[in-house]
Every structure is written in structure tokens, then in C-alpha cells.
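What follows is a short report on a single structure.
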Amino acid sequence: MRLENERFCVEIAELGAELTRVYDKKAELDILWEGDPAFWKRHSPVLFPNVGKTYKNTVLINGTHYPTSQHGFARDNMFRCISSAKDSASFLFASTEETKEVYPFDFELVITYTLMEDRIQVQWEVKNPSDETIYFTIGGHPAFRFAQAGEKKSDYLLWFPGMEKAEYILIDLPQAAADPTRTYELSLEQGYAPVSEEMFENDALIFDGGQIREVWLCRKDRTPYVGLKCPGFPSFGIWSVKDAPFVCLEPWMGRCDDVGFASELSEKPGVNKVEPGGKFRQSYEILVRK
């Protein structure tokens, strides 16, 4: 699927309803990571029904343990386009007998992309057609490539408008789960922090508590390049791969499990729920410099 307006040319795959290309006509630049498998084969997957990993790769639902995969299964399933225009499109993926083997809920997940003057809105809608409450986490994972060939992470800054400090936690790598008992401070100078390879030695930086409402990837001269606006999101991840020429800015409604979490999914901190017949809706925006 191809969407286009005066500023952008965007491509979306039916597999995972994944954004696979964002071309900025004004700057004559491809902004989204191209998915080179030498570093990371994806572009901007939607994470559902779990963000990150569950503790020991299982989830407890109504007394039964189900196996899980990192970031859930939506990104690896085919969606169906249910509406489209020149500058917007919506895609649907609904529960099947196969999905119920690992996630026993009925659901309908609709992802909508809308092109605007200087931004792209990504909206998620989770509908509950059943007679029981459903629980889930959902997140975005867009990867933004560096503007010029040969650039490195050290050529970029992160900019957190209006913020004087930011606190984050890390993944306990042996446990493959978040460790909220240790917090770290990201030093900011007028809202800016340098990007480096060392920043991602322990996987993603995880910002909880709704700290991140807007963040930009900037050039070293502080010129904004590409950003994300996500008010109302409780968690946010920033991630990359060693030596890879991209950075992921990830808005999350809920996140990976903490070390040792073994309770019911309904008791997971930050989990979203939808009552029978109800719906959940949230959106974020990919921003480019005007």
C-alpha cells in the first residue's frame, strides 16, 4: 500500500500492517530504516499483544500458562486493508483459532496511518467483540535511519523538549526482563543528550512514568531531524543495534515484564484492558522538521 501527499511518500506492508518506507520529499530523504537484515530486518513493527518479552516467555491468563514470543504475534501476521484514500489507510487483524492457542482472547486490531503536513499519525484501535474483559500491551517500534551514508551514532543527539532530566531503567540481560529496582539518570544539557554506541550496551533504555511526550533525533548542531510525539504513553523505549546506522524511538502502552513477575496478566503493571463490547484507542505522531 502506497500513501502520498505533498510532503511524504509512505509504503505499508500487509504483513504486520508495518510501515516500511517514509520518504520526505522536501528533504529528499528516506527517513525510515530500510530493514537491512545485517543489523535488523524490520522497519516499524507494531508490538501486540505484548511489548518486549514476558518473564520466562510465558503469560498467565485465567490460571493457564501460555507461551509467548518477543513483541507478540501481530507483526508476523497478515492484515487486511479495510479503508484507504490517497493519504490514509486502515488495516485489520482479528483473532483466530491459531492466535487463541497462545492468547485466548477475541480481539480486532485496527491500525490506521494518516499523512499530514509535517507528520504522520499512527493510530491503534483494539476492539473487544467478546463477553469477557481482555488484557494486553501494545507499542510502536519505528527505526529512523541516519540522514547520510557513513554517519554514526556519535553524529546525533537526542532532544527532549522541555525536560531537564530523564530517568530510565534497563533490561537484566540474563533474566531477559526489566529491572525497576535500579534507576539511572540520562544527563541532559538544555534537553539534549549525545547518542553513543555505549548507550545501548544493555539493550533498550526504558523510560516509565509517562516522562516522554516528545523526543527528537537531531544532528550534532542541534538541527532537528525526525521526532516522535506521544502524550499519554506511560512507557517509552530507545534502542539500537551495535554499529547500526539507526535509532528506534518506541512509544509503549505497557512494556516488558519485570524480573520475577509471575502473576495473572490482569495484574501486570501498566496492562491495558477492554471491557466486553468496548474499544481501546491510542495514537502517536512521527514528526519531521518543517
Side-chain angles (χ1 to χ4, degrees), residues 16 18-22 29-47 50-55 57 69-72 75-76 139-160 166-180 182-189 192-208 211-212 215-228 235-252 255-259 286:
E18 183 177 0
L19 199 60
T20 58
R21 188 187 187 199
V22 175
L29 284 175
D30 272 299
I31 294 172
L32 202 66
W33 172 242
E34 66 268 29
D36 181 354
F39 293 105
W40 190 53
K41 68 177 182 179
R42 302 183 190 268
H43 314 266
S44 181
V46 177
L47 319 179
N50 54 280
V51 173
K53 288 190 174 185
T54 62
Y55 188 56
N57 298 314
S69 58
Q70 184 175 19
H71 294 321
R75 63 181 185 168
D76 295 317
H141 202 315
F144 299 106
R145 62 186 292 177
F146 297 156
Q148 304 296 331
E151 287 186 323
K152 300 179 180 180
K153 293 183 177 69
S154 57
D155 293 310
Y156 285 85
L157 304 169
L158 290 166
W159 177 39
F160 303 85
E167 291 185 344
Y168 64 93
I169 62 173
L170 294 172
I171 300 292
D172 181 321
L173 295 179
Q175 298 279 355
D179 180 3
R182 297 184 180 182
T183 59
Y184 306 85
E185 183 173 321
L186 183 64
S187 297
L188 302 180
E189 181 182 338
Y192 293 89
V195 182
S196 67
E197 290 293 344
E198 294 74 26
M199 180 178 282
F200 306 107
E201 287 181 346
N202 274 78
D203 204 270
L205 278 61
I206 301 171
F207 300 84
D208 286 333
Q211 297 178 75
I212 310 301
V215 59
W216 286 79
L217 190 63
C218 299
R219 311 303 293 271
K220 287 187 75 173
D221 64 1
R222 298 191 176 185
T223 301
Y225 169 48
V226 62
L228 220 69
S235 295
F236 197 96
I238 300 179
W239 174 81
S240 188
V241 175
K242 181 175 172 55
D243 298 326
F246 69 80
V247 171
C248 290
L249 305 177
E250 307 180 36
W252 299 335
R255 61 161 173 78
C256 62
D257 284 353
D258 290 337
V259 172
I286 296 171

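Taking the side chain as every heavy atom from C-beta outward, F160 and L186 approach each other to under 4.5 Å. C218 has its side chain out of reach of Y225: every pair of non-hydrogen atoms, C-beta onward, lies at least 4.5 Å apart. Residues D155 and Q148 are not in side-chain contact: their nearest non-hydrogen atoms beyond the backbone lie 4.5 Å or more apart. In this structure, the side chains of W216 and L249 stay at 4.5 Å or more apart for every pair of heavy atoms.
K153 pairs by the salt bridge (charged side-chain N to carboxylate O under 4.0 Å, His left out) definition with E197, not counting sequence neighbours. Among residues two or more places apart in sequence or in another chain, the salt bridge (charged side-chain N to carboxylate O under 4.0 Å, His left out) test is passed with E167 by none. Shown here are the side chain to side chain donor-acceptor pair (under 3.5 Å) partners of R42, two or more places apart in sequence or in another chain: D76.
Considering all non-hydrogen atoms of both residues, C256 and I171 come closest at SG-CD1, 3.8 Å. Across all non-hydrogen atoms, the minimal contact from F39 to P245 is CE1-CD, 4.0 Å. V51 and H71 get closest at one heavy-atom pair: C-ND1, 3.9 Å. Of all non-hydrogen atoms in A177 and V259, the two that sit nearest each other are CB-N, 3.6 Å. Across all their heavy atoms, L32 and A143 have their closest contact at CD1-O, 3.3 Å. Across every non-hydrogen atom of I169 and R182, the tightest pair is CG2-O, 3.5 Å.
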Show the numbers, then the answer: is there a side chain to side chain contact (heavy atoms under 4.5 Å, CB included) between V22 and D30? CA-CA 6 Å; V22 175; D30 272 299; over 6 Å; no

Side chain to side chain contact (heavy atoms under 4.5 Å, CB included) between L228 and F144, worked out: CA-CA 11 Å; L228 220 69; F144 299 106; 4.1 Å; yes

Stepwise, does the side chain to side chain contact (heavy atoms under 4.5 Å, CB included) test hold for D258 with D179? CA-CA 6 Å; D258 290 337; D179 180 3; over 6 Å; no

Side chain to side chain contact (heavy atoms under 4.5 Å, CB included) assessment of F200 paired with V195: CA-CA 9 Å; F200 306 107; V195 182; 4.2 Å; yes

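Note that OG of S69 is 6.0 Å distant from CG of N50, once rounded to the nearest 0.5 Å. A distance of 8.5 Å separates CD1 in I31 from CD1 in I286, rounded to the nearest 0.5 Å. Of the inter-residue distances, the one linking E250 atom CD with S44 atom OG reads 9.5 Å to the nearest 0.5 angstrom. Between atom CZ of residue F246 and atom NE2 of residue H43 there is a gap of 11.0 Å, rounded to the nearest 0.5 Å. The distance from the OH atom of Y184 to the CG atom of N202 is 7.0 Å, given to the nearest 0.5 Å. Between the NZ atom in K41 and the CD atom in E34 there is a gap of 16.0 Å [rounded to 0.5 Å].
In this pair, F146 and Y156 present their aromatic rings parallel. The plane angle is below 30°, not in the 30 to 60° band. Note: W239 and W40 have perpendicular aromatic rings, judged against thresholds of 30 and 60 degrees for the angle between ring planes.
A salt bridge links D208 with R255: the distance from a Lys NZ or Arg NE/NH1/NH2 to an Asp or Glu carboxylate oxygen falls below 4.0 Å. Ion pairing of E151 with R219 is present here, as a side-chain N (NZ or NE/NH1/NH2) and a carboxylate O approach within less than 4.0 Å.
Judged purely by atom type and a 3.5 angstrom limit, Q70 has no side-chain atom pairing as donor or acceptor with the backbone of K53.
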